[in-house]
Amino acid sequence: MDERMNTKLEVLTKDEEANQKIYEAAGIILRRGGLVAFPTETVYGLGGDALNPWASARIYEAKGRPSDNPLIVHIADVKALEELASEVPQEAYTLAEKFWPGPLTMILKKKECVPKATTGGLDTVAIRMPNHPVALELIRTSKVYIAAPSANLSGRPSPTKASHVKEDLFGRIDMILDGGEGEIGIESTIIDLTSPIPTILRPGFITKEALESVLSKVVVDPAIDTITKGYTKNTDASLHPKAPGMKYRHYAPKGDMMIVEHQGDASICTEKEVEKIAQLLQKAKDAGHSTAVLATEETKEKYPLADHVLVLGKRNEPQTISSKLFDILRQCDTLGVEEIFSESFERSEEEYAIMNRLVKAAGGKILLVE
């Protein structure tokens, strides 16, 4: 974008009357085709009118996002499914009853009213109902469905604070609504309901096991394992993504990042992993490079050679890790770290989504130790 905009930063407080004026001002911006960043329970979203192709084009421009990467449409009422989707299977209502509002996005066949500028050129639309009072009130007050990817420059770590949005997008969008930190910290689970079998296209806080508690069968798209396991990378240029994050690198800090993983057991950080990270730290130090280690509460004292030890959380409490992950990746940039070494995590249902983001942040670089 050539000209910087006058971005308004509005902080929501306990003053409901003042808040309502902010929502109304934000609604006017959205109805006019402008862009408003707002908090959800996962990460901050960059919102525009989902049914306005010009607004969707502005989202792509502001983020520097490839235009074939679909946007998620945020709604505040389940009835919106019938207005946006041409076919709504019973599974969609079953999932909505169990998980909405919440961090679950469903992919359905779209109606003509949803422009392909919003869906990345696809005949499907991604829809979710966020579980955050600010997001829901913004949708209701604006009276538009809000297309919203994460409110960051494309490729950067997703924003979990308004300050992250300001860092990336100030001067590029109309308004930022500061509603505090996101609780979950990683983006929603995406499930494709247009496939013969419901298929997870992006792992998130709602796990495959949780989805199968209400659906008879759910499968995981093989491309996710390709990314999350990190040992091979899908380089098929013809891949046309149905969901955000299926095709392009995400979450990357500016420094060079590597994950160190024990081949036998990633549920703990073994002494061999610690030893290998120590060797990598020494090598980086000898080269005159600044370093950081992404560790856990259990291992934070084991890396005396690191310039910075950044604690993700506790291994037995995955949400403490997911809620801080993107903030810590951004801290690496603030600190000017040149080489980043991360512990790995068990490929369990709860930690699968965390590992998916870590591997993408590292560009698939995993060092296996025996």
Candidate pair Glu91 and Met106, rule side-chain contact (heavy atoms from CB on, under 4.5 Å), full reasoning: CA-CA 10 Å; Glu91 291 100 326; Met106 293 185 258; over 6 Å; no
Intermediate values then yes/no, side-chain contact (heavy atoms from CB on, under 4.5 Å), Phe99 and Thr189: CA-CA 11 Å; Phe99 298 111; Thr189 303; over 6 Å; no
Pair Thr124-Thr119, side-chain contact (heavy atoms from CB on, under 4.5 Å): steps then yes or no: CA-CA 7 Å; Thr124 55; Thr119 65; 5.8 Å; no
From CA spacing to verdict: salt bridge (Lys or Arg N to Asp or Glu O under 4.0 Å), Glu271, Lys302: CA-CA 10 Å; Glu271 289 303 317; Lys302 295 187 176 184; 3.1 Å; yes
Full working for side-chain contact (heavy atoms from CB on, under 4.5 Å) between Asp174 and Arg58: CA-CA 11 Å; Asp174 299 279; Arg58 287 197 63 200; 3.4 Å; yes
Let me have the donor-acceptor pairs involving side chains of residues 31-42, under 3.5 Å, with sequence neighbours excluded, atom names and distances please.
| from | atom 1 | to | atom 2 | distance (Å) |
| --- | --- | --- | --- | --- |
| Arg31 | NH1 | Ser142 | O | 3.0 |
| Thr40 | OG1 | Thr42 | N | 3.1 |
| Thr40 | OG1 | Thr42 | OG1 | 2.8 |
| Thr40 | OG1 | Val43 | N | 3.3 |
| Thr40 | OG1 | Val43 | O | 2.7 |
| Thr40 | OG1 | Arg128 | NH2 | 3.2 |
| Glu41 | OE1 | Arg128 | NH2 | 3.4 |
| Glu41 | OE1 | Asn131 | N | 3.0 |
| Glu41 | OE2 | Arg128 | NH1 | 2.8 |
| Glu41 | OE2 | Asn131 | N | 3.2 |
| Thr42 | OG1 | Arg128 | NH2 | 3.3 |

Do any side-chain atoms of residues 70-81 form donor-acceptor pairs under 3.5 angstrom with protein atoms, and if so which ones, sequence neighbours left out?
| from | atom 1 | to | atom 2 | distance (Å) |
| --- | --- | --- | --- | --- |
| His74 | ND1 | Ile72 | O | 3.2 |
| His74 | ND1 | Ile146 | O | 3.3 |
| Asp77 | OD1 | Lys79 | N | 2.8 |

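Between the side chains of Glu343 and Thr299, at least one donor N or O sits under 3.5 Å from an acceptor N or O. Side chains of Gln282 and Lys285: a donor-acceptor N/O pair is absent below 3.5 angstrom, by distance only. Under the 3.5 Å distance criterion, with hydrogens and angles disregarded, no donor-acceptor pair is assigned to the side chains of Thr13 and Asp15. One side chain, Ser188 or Arg202, offers a donor N or O that lies under 3.5 Å from an acceptor on the other. No side-chain donor-acceptor contact under 3.5 Å links Ser323 and Gln319.
Using modelled atom types, no side-chain atom of Lys324 and backbone atom of Gly185 make a donor-acceptor pair closer than 3.5 Å. In this structure, Lys143 contributes its side chain and Gly27 its backbone to no donor-acceptor pair below 3.5 Å. When atom types are taken as modelled, the side chain of Thr291 and the backbone of Leu281 share no donor-acceptor pair closer than 3.5 angstrom. Not one N or O on the side chain of Asp192 forms a donor-acceptor pair closer than 3.5 Å with the backbone of Thr199. Lys217 places no side-chain N or O within 3.5 Å of a backbone atom of Ile197 that could act as its donor or acceptor partner.
The OG1 atom of Thr118 lies 8.0 Å from the CG atom of Asn52; values are rounded to the nearest 0.5 Å. Note that NZ of Lys63 and CG of Asn152 are 4.0 Å apart. Values are rounded to the nearest 0.5 Å. Atom-to-atom distance recorded for Leu108:CG and Ile191:CD1 is 10.5 Å, nearest 0.5 angstrom. Once rounded to the nearest 0.5 Å, the distance linking CD of Glu273 with CG of Leu368 reads 9.5 Å. In this structure, CG on Leu122 lies 8.0 Å from CD1 on Ile107, to the nearest 0.5 angstrom. Annotation: the span from Met257 atom CE to Cys332 atom SG amounts to 7.5 Å, rounded to 0.5 Å.
Leu358 places a side-chain heavy atom less than 4.5 Å from the side chain of Leu294. Leu136 is listed as a side-chain neighbour of Met129, based on a closest heavy-atom distance under 4.5 Å. Between Cys113 and Glu83, every side-chain heavy-atom pair lies at or beyond the 4.5 Å cut-off. By the 4.5 Å heavy-atom criterion applied to side chains, Phe205 and Glu183 are not counted as neighbours. With a 4.5 Å cut-off on side-chain heavy atoms, Thr141 and Gln20 count as touching. No side-chain heavy atom of Phe341 sits less than 4.5 Å from a side-chain heavy atom of Leu367. Using a 4.5 Å heavy-atom cutoff, the side chains of Lys283 and His289 are not in contact. Side-chain contact check for Ser290 versus His308: every heavy-atom pair is 4.5 Å or farther apart.
Under a 4.0 Å N-O distance rule, the pair Lys161/Asp178 does not qualify as a salt bridge. A salt bridge links Arg357 with Glu187; the closest basic N to acidic carboxylate O contact falls under 4.0 Å.
Closest of all the heavy-atom pairs between Thr320 and Lys314 is OG1-N, 3.0 Å. In plain terms, the two heavy atoms of Leu104 and Leu211 that are nearest each other are CD1-CD2, 4.0 Å. What you find for Val125 and Leu84 is that their closest heavy atoms are CG1-O, 4.0 Å. Heavy atoms only, all atoms of each residue included: Ser158 and Arg330 are closest at O-NE, 4.0 Å. Closest non-hydrogen pair, Pro198 versus Leu193, comes out as CB-CD2, 3.9 Å. Ala62 and Ile173 make their closest contact through CB-CG2, 4.0 Å (heavy atoms, listed as atom of the first residue, atom of the second, distance).
When hydrophobic clusters are built by joining Ile, Leu, Val, Met, Phe, Trp and Tyr residues whose side-chain heavy atoms come closer than 4.5 Å, directly or via intermediates, Ile139 is not grouped with Trp100. The hydrophobic clustering, which links ILVMFWY residues whose side-chain heavy atoms are closer than 4.5 Å, places Ile184 and Met355 together. Clustering ILVMFWY residues whenever any of their side-chain heavy atoms sit less than 4.5 angstrom apart, transitively, puts Leu9 in a cluster other than the one holding Leu12. Side-chain heavy atoms closer than 4.5 Å link hydrophobic residues (I, L, V, M, F, W, Y) into clusters, and following such links, even through other members, never connects Met175 to Leu46. In this structure, Tyr93 is a member of the same hydrophobic cluster as Val214, with clusters built from ILVMFWY side-chain heavy atoms closer than 4.5 Å.
Enclosure of atom NZ in Lys208 by more than 12 non-hydrogen atoms of other residues, nucleotides or ligands within 6.0 angstrom is indicated. Heavy atoms from other residues, nucleotides or ligands lying under 6.0 Å from NZ of Lys21 number 12 at most. The number of heavy-atom neighbours closer than 6.0 Å to CD of Glu209, taken from other residues, nucleotides and ligands shown, is 12 or below. Dense packing is recorded around CD of Gln331, with more than 12 heavy atoms of other residues, nucleotides or ligands lying under 6.0 Å away.
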